[in-house]
Protein chains: 2
Amino acid sequence: MPKSKICIRKMCFSVETVKRLSLYLRDLRKLAKKKIELISSNKITQLLNISPAQFRKDLSYFGEFGKRGVGYEVKKLIKKLEEILGINKEWRIAVVGVGRLGSALLRFEGFSKFNIKIKTAFDISKKKVGKVINGIKIEDVRNLERVIKKEKIKLSLICTPPQVAQDITNRLVRAGIRGILNFAPVALKAPNNVFISNVDMACELERLIFLLNNER
Amino acid sequence: MPKSKICIRKMCFSVETVKRLSLYLRDLRKLAKKKIELISSNKITQLLNISPAQFRKDLSYFGEFGKRGVGYEVKKLIKKLEEILGINKEWRIAVVGVGRLGSALLRFEGFSKFNIKIKTAFDISKKKVGKVINGIKIEDVRNLERVIKKEKIKLSLICTPPQVAQDITNRLVRAGIRGILNFAPVALKAPNNVFISNVDMACELERLIFLLNNER
DNA sequence: TACACTTTGTGAAAATAGGAACAAATGCCA
DNA sequence: TGGCATTTGTTCCTATTTTCACAAAGTGTA
Ligand SMILES: NC(=O)c1ccc[n+]([C@@H]2O[C@H](COP(=O)([O-])OP(=O)(O)OC[C@H]3O[C@@H](n4cnc5c(N)ncnc54)[C@H](O)[C@@H]3O)[C@@H](O)[C@H]2O)c1
Ligand SMILES: NC(=O)c1ccc[n+]([C@@H]2O[C@H](COP(=O)([O-])OP(=O)(O)OC[C@H]3O[C@@H](n4cnc5c(N)ncnc54)[C@H](O)[C@@H]3O)[C@@H](O)[C@H]2O)c1
């Protein structure tokens, strides 16, 4: 498995770099709230358990944003990171499977900070279809392709049971979805031009258990 | 930040290896359900987007489990992986913060496959304390230290708002917790002998957005 | 202006992780 | 039994990622 790599501006970097950019942005926003206007690579990475050199190199793939001898202007860097990540414009997403996890996500307000808006949701259950949660109407999953296409939605979360997740993926891809965040514990197959990311809580817990179990 | 490394049996491997072990285990269980008794490194990794060499190498850190010319006995390998991961014995965990996400987790049955049992939960809200969800009584967070110590719980999930997550972490550590799975969007600080893992949905979504935004 | 300090941006070096390739086992069949 | 076909375990090589270390660039002060 060749680890995915991203190449722009003649340079290549890994997806890890992108994850770290999100972390930087989050911390910069906290600093901005505290009215801190200037920050050095040293200071900002102290909280994050990342080296200052890593911070500077991550940014260097996208341009020069600091001032030597001074540091980085917090507000300006926030703007730049929002641009780089692409969250300076609104992204409308869909949720498939409105069970315990799906409905927690529908009610979660935290995504709006990143300009992410849950536009529509789908379920198979008669009891749920037609209901409205947090302003989002739950559609019948039979209409999945039609609604996704009509709304031109490009990103979707999958919160269905694992048994149906691959089938849902296939349908989402056919409907034009380009990115999927999958919560079901199953490895999804999709064409190369569709990006898949997994949130795998069981894996994370097992890793912790392994570490506790293998100390010393 | 030196990437965390694990050393046992004179060999060192990365946490990525441990994550992959979880994935192998998950697929092996599916194979066992289908009554498949024997599997080669080639076959099992086809579904997972991992190379056969990687699979064999990951296992080699822990011993020899296959038979040359034949492959791996599914049932035996499952047992071995459960031992390696440490999920052959029960792990009792706590959940702090029983909001939308926390209560979804309390109701989730999927963890029992990994011998993980949510033993207790904590919240600060008067409305929630004393309630029972899925057989788990919600305790007042003021009793956190006492209950964790009494029950000898070593693992905890944090599902509180980010503002209080560090404070909760400090208290959990004082109470003897050794591993934390954190859902709050904040980088937690803890002593080196406490393992922290983060489930960061916003980061994952931002990464997908970045990829969609930077195609070609 | 000169000099002492800071801090960035980056090429080079060091550390890690991944993969090809092959000897060593094993099974099968004539 | 011997030869052929498989598939593992492991070595060694390659690619990627992280860190080091320093020139370049900026600030402040006398
Ligand atoms: N709840 C958790 O805490 C948790 C934790 C880890 C992983 N997960 C995973 O997340 C996923 C969702 O978990 P959950 O607890 O919300 O499950 P759930 O059973 O509460 O919800 C699943 C929802 O999917 C719907 N559904 C089923 N088939 C469908 C289909 N074909 N099309 C559309 N909708 C369909 C169901 O009607 C239900 O509303 C599962 O794969 C689970 O393994 C959940
Ligand atoms: N809900 C989601 O879909 C989602 C998605 C991504 C991240 N998160 C993160 O997960 C965390 C929980 O999210 P949520 O949506 O469940 O929030 P929520 O507000 O529904 O729940 C938070 C719970 O924590 C409790 N709480 C507050 N302070 C506490 C304290 N000091 N001690 C104990 N309990 C306390 C509250 O009473 C509440 O029940 C948040 O940090 C959130 O950012 C949630």
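Residue numbers start from 1 in every chain, and the chains themselves are labelled A, B, ... in the order their sequence lines are given, proteins ahead of strands.
- Under the side-chain hydrogen bond (donor to acceptor under 3.5 Å, both in side chains) criterion, B/Asn115 pairs with no residue, sequence neighbours left out.
- Across all strands, B/Ser41 comes closer than 4.0 Å only to sugar-phosphate atoms, never to a base (heavy-atom distances).
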Generate the contact string for nucleotides 20-30 of chain C. Rules: B means base contact, S means sugar-phosphate contact only, - means no protein heavy atom under 4.0 Å.
-B-BBBBS---

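- Remark: A/Ser14 is in phosphate contact with D/dT17, judged by side-chain N or O atoms under 4.0 Å from OP1 or OP2.
- Atom P of nucleotide C/dA15 and atom CD of B/Glu16 are separated by 20 Å, given to the nearest angstrom.
- What separates NZ of B/Lys43 from P of D/dT6 is a distance of 11 Å, to the nearest Å.
- Spacing between atom CG of B/Asp58 and atom P of C/dA17 amounts to 11 Å, rounded to whole angstrom units.
- In the set D/dT19, C/dT8, D/dT8, the nucleotide with an atom closest to the side chain of B/Ser40 is D/dT8.
- Side-chain N/O atoms of B/Ser60 include none lying less than 4.0 angstrom from OP1 or OP2 on D/dG9.
- Counting to the nearest Å, the P atom of C/dT7 and the CD1 atom of A/Ile39 are 11 Å from each other.
- Contact annotation: A/Gln54 does not reach the phosphate of D/dT17 (side-chain N/O to OP1 or OP2, under 4.0 Å).
- Among the atoms of the strands shown, only primed sugar atoms or phosphate atoms (P, OP1, OP2) are found under 4.0 Å from some heavy atom of B/Phe65.
- Rounded to an integer number of Å, the gap from A/Lys19 NZ to D/dT18 P is 12 Å.
- Nucleotide C/dT8 holds its P atom 10 Å from the CG atom of A/Leu59, rounded to whole Å.
- We find that CZ of A/Phe13 is positioned 13 Å from P of D/dT18, with the value rounded to whole Å.
- Every residue meeting the ring pair (Phe, Tyr, Trp, His ring centres under 6.0 Å) condition with B/Tyr72, not counting sequence neighbours, appears here in chain and number order: B/Phe55.
- A/Phe114 meets the ring pair (Phe, Tyr, Trp, His ring centres under 6.0 Å) test with no other residue; sequence neighbours excluded.
- Using a 3.5 Å distance cut-off with no hydrogens or angles, the side chains of A/Lys89 and B/Asn213 do pair a donor with an acceptor.
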Sequence neighbours left out, cut at 3.5 Å: what donor-acceptor pairs do the side chains of residues 92-113 of chain B make with other protein atoms?
| unit_1 | atom_1 | unit_2 | atom_2 | d |
| --- | --- | --- | --- | --- |
| B/Arg92 | NH1 | B/Glu151 | O | 3.4 |
| B/Arg92 | NH1 | B/Glu151 | OE1 | 3.4 |
| B/Arg92 | NH2 | B/Glu151 | O | 2.3 |
| B/Arg100 | NH1 | A/Arg107 | O | 2.8 |
| B/Ser103 | OG | B/Gly99 | O | 2.6 |
| B/Ser103 | OG | B/Arg100 | O | 3.4 |
| B/Glu109 | OE2 | B/Asn134 | ND2 | 3.4 |
| B/Ser112 | OG | B/Glu109 | O | 3.0 |

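- Rounded to whole angstrom, the span from the CG atom of A/Leu38 across to the C1' atom of C/dT8 amounts to 12 Å.
- Checking the phosphate oxygens (OP1, OP2) of D/dG9, a side-chain nitrogen or oxygen of B/Tyr72 falls inside 4.0 Å.
- Remark: the A/Ser197 side chain and the B/Arg207 side chain contain an N/O donor-acceptor pair separated by less than 3.5 Å.
- Checked against side chain to side chain contact (heavy atoms under 4.5 Å, CB included), A/Arg174 has the following partners two or more places apart in sequence or in another chain: A/Glu145, A/Asn170, A/Arg171.
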